[in-house]
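Residue numbers run from 1 in the order of the sequence given.
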Amino acid sequence: MKYFHLIWAALFRRKTRTLLTLVSIAAAFLLFGMLDAVRTSFDQAGASANGARRLQTGSKLSFIQTLPQGLGGQIERVPGVKAVAYANWFGGAYQDPHNQIFSFAVSDNYIDQYPEVDVSDAARKAFATTQTGIIVGQALADKYHWKVGDQIPLQSTIFPLRDGSKNWTFDIVGVMHAKDKSAGWYDQVILMHWKYFDEATPYNGGTVGWYVVSVNDANQADKVARAIDALSTNSDHETRTQTEAAASASWMKQLADIGLIVGSIMGAVFFTLLLLTGNTMMQAVRERTSELAVLKTIGFSNRGVLAMVLAESLLLVLLGGVIGIALAALLIPGVSAGSGGLLNLPTVGIGSWTLGVALMVAIGLIVGALPAWRAMRLNIVDALAGR
């Protein structure tokens, strides 16, 4: 710390260049913090179901595999189970095939499983008595100017009607909205009758996509999950019961290798950062060639000059990196809340900070190594002569 003022002055010799470099480093580590939170959330999802009031039971083989409807009755008899509902993916598009809407065919008691979603008594009654009735999310109703009583067409991307057409027609009987941001995702979905869906398409045959299971005691959720999965052990429809967050993570993992994607993105970002920061340090040392020679002239050793340049490089990366991860820590709670429950990102913990600081130190040493080596080997006479 004896020469910190010299290192600080050298770092901000060209303020604009240094600030732009700091912004680039901060952006890279902001991205690191966000992506590491995504990776951690996928790794931690499903570690334990205890604490969850709701569980989701799906096929152990793949999320596209369906389960027999009769399994629901067996699940209801498992000790600790409070209620069971079920649903199928529908996959509807409105007006344009590319305009996909999250739409599900659900059992009559499906909405009862989600107390965080508000649906009026009138809408519930109309939904129960209207075969083609649907309940739409508030955000969708606002976006497309839908209202109760409207009849809308949905084009299924998967399930045709029995006459071969993929154009389904539904009647809006209610609008639902989330009571809090954690359930905001339901403002953007459509719920339809499972029975109508099952009878109208020849490709379902009395099967369901997944079961939603409410438990009496959240602290016994793991035990209940194991008991549910034991029902179908060694059958042709083995199940995996987990929390809803873990189920979503499992679906995503079947679609893509999240760890590989995150690693690839960060590898590209940090490689670019190495080039950018390395170029900045090379320019900074090149501009101070005569100053470094003067330092040697007044008694600084070669190793001292080497240490000062490396310290400058480390300080630059550490400043930008800490700012970036700190911003990620501030933004992650807002991103999780704004996703409406789709993302459940953990806060930036000790593990992320430790990995982040280790990367900062490694990058700082790498980008500072070559300019520091050149500064150490600098010939005083040649430097002062401008050669």
Side-chain angles (χ1 to χ4, degrees), residues 53-54 56 69 72 83-163 165-201 203-204 206 208-212 214 244 248 337-342:
R53 286 287 181 183
R54 264 193 318 264
Q56 187 166 306
Q69 187 190 15
V84 180
Y86 49 88
N88 278 70
W89 172 260
F90 178 73
Y94 180 65
Q95 295 181 332
D96 188 296
H98 297 96
N99 191 19
Q100 296 290 317
I101 296 176
F102 288 107
S103 44
F104 309 103
V106 301
S107 59
D108 293 340
N109 65 335
Y110 184 85
I111 298 174
D112 298 333
Q113 301 285 66
Y114 294 87
E116 66 270 34
V117 178
D118 185 43
V119 181
S120 69
D121 292 339
R124 287 172 181 261
K125 184 177 180 180
F127 184 65
T129 57
T130 308
Q131 186 180 34
T132 58
I134 58 173
I135 295 178
V136 302
Q138 184 68 60
L140 289 176
D142 293 341
K143 180 178 180 180
Y144 297 112
H145 308 291
W146 293 339
K147 62 183 183 298
V148 173
D150 286 351
Q151 188 175 78
I152 64 169
L154 286 180
Q155 183 179 42
S156 175
T157 56
I158 304 173
F159 300 101
L161 292 160
R162 291 192 179 275
D163 62 5
S165 171
K166 288 189 176 181
N167 297 314
W168 297 61
T169 302
F170 298 98
D171 299 291
I172 298 177
V173 297
V175 177
M176 60 184 169
H177 68 270
K179 295 178 181 178
D180 55 65
K181 290 184 177 180
S182 65
W185 183 65
Y186 277 91
D187 284 344
Q188 306 177 54
V189 304
I190 290 177
L191 302 181
M192 65 186 67
H193 278 289
W194 179 88
K195 186 176 181 181
Y196 171 63
F197 162 77
D198 186 55
E199 293 175 348
T201 181
Y203 292 101
N204 193 56
V208 302
W210 63 91
Y211 289 95
V212 179
S214 295
E244 291 175 312
S248 298
S339 71
L342 280 176

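- Note on ring orientation: taking the six-membered ring where Trp is involved, the planes of Y114 and Y110 are tilted (angle from 30° to 60°).
- Looking at D142, its side chain never comes within 3.5 Å of a backbone N or O of A139 through a donor-acceptor pair.
- Closest approach of H193 and A105 over heavy atoms only: O-CB, 4.1 Å.
- A distance-only check finds no donor-acceptor pair linking the side chain of R54 to the backbone of V212 [under 3.5 Å].
- Under a 3.5 Å cut-off, the side chain of R124 and the backbone N or O of G174 do not form any donor-acceptor pair.
- The minimum heavy-atom distance between G92 and S103, with the atom names listed, is N-OG, 2.9 Å.
- In this structure, D187 contributes its side chain and A178 its backbone to a donor-acceptor pair below 3.5 Å.
- A donor-acceptor distance shorter than 3.5 angstrom exists from the side chain of S156 to the backbone of I158, with no hydrogens or angles considered.
- Scanning both residues, G137 and V175, for their nearest heavy atoms gives C-CG1, 4.2 Å.
- Y211 contributes a side-chain N or O that, together with a main-chain N or O of G72, makes up a donor-acceptor pair within less than 3.5 Å.
- Defined by atom type and a distance below 3.5 Å, a donor-acceptor pair is missing between the side-chain atoms of D163 and S165.
- In this structure, I101 CD1 and Q95 CD are separated by 8.5 Å, a value rounded to the nearest 0.5 Å.
- Checked against the 6.0 Å centroid criterion, the rings of F104 and W89 qualify as a close aromatic pair.
- Legend: residues meeting side-chain contact (heavy atoms from CB on, under 4.5 Å) with N204, ordered by chain and number and at least two apart, are N88, W194, F197, D198, T201, T207.
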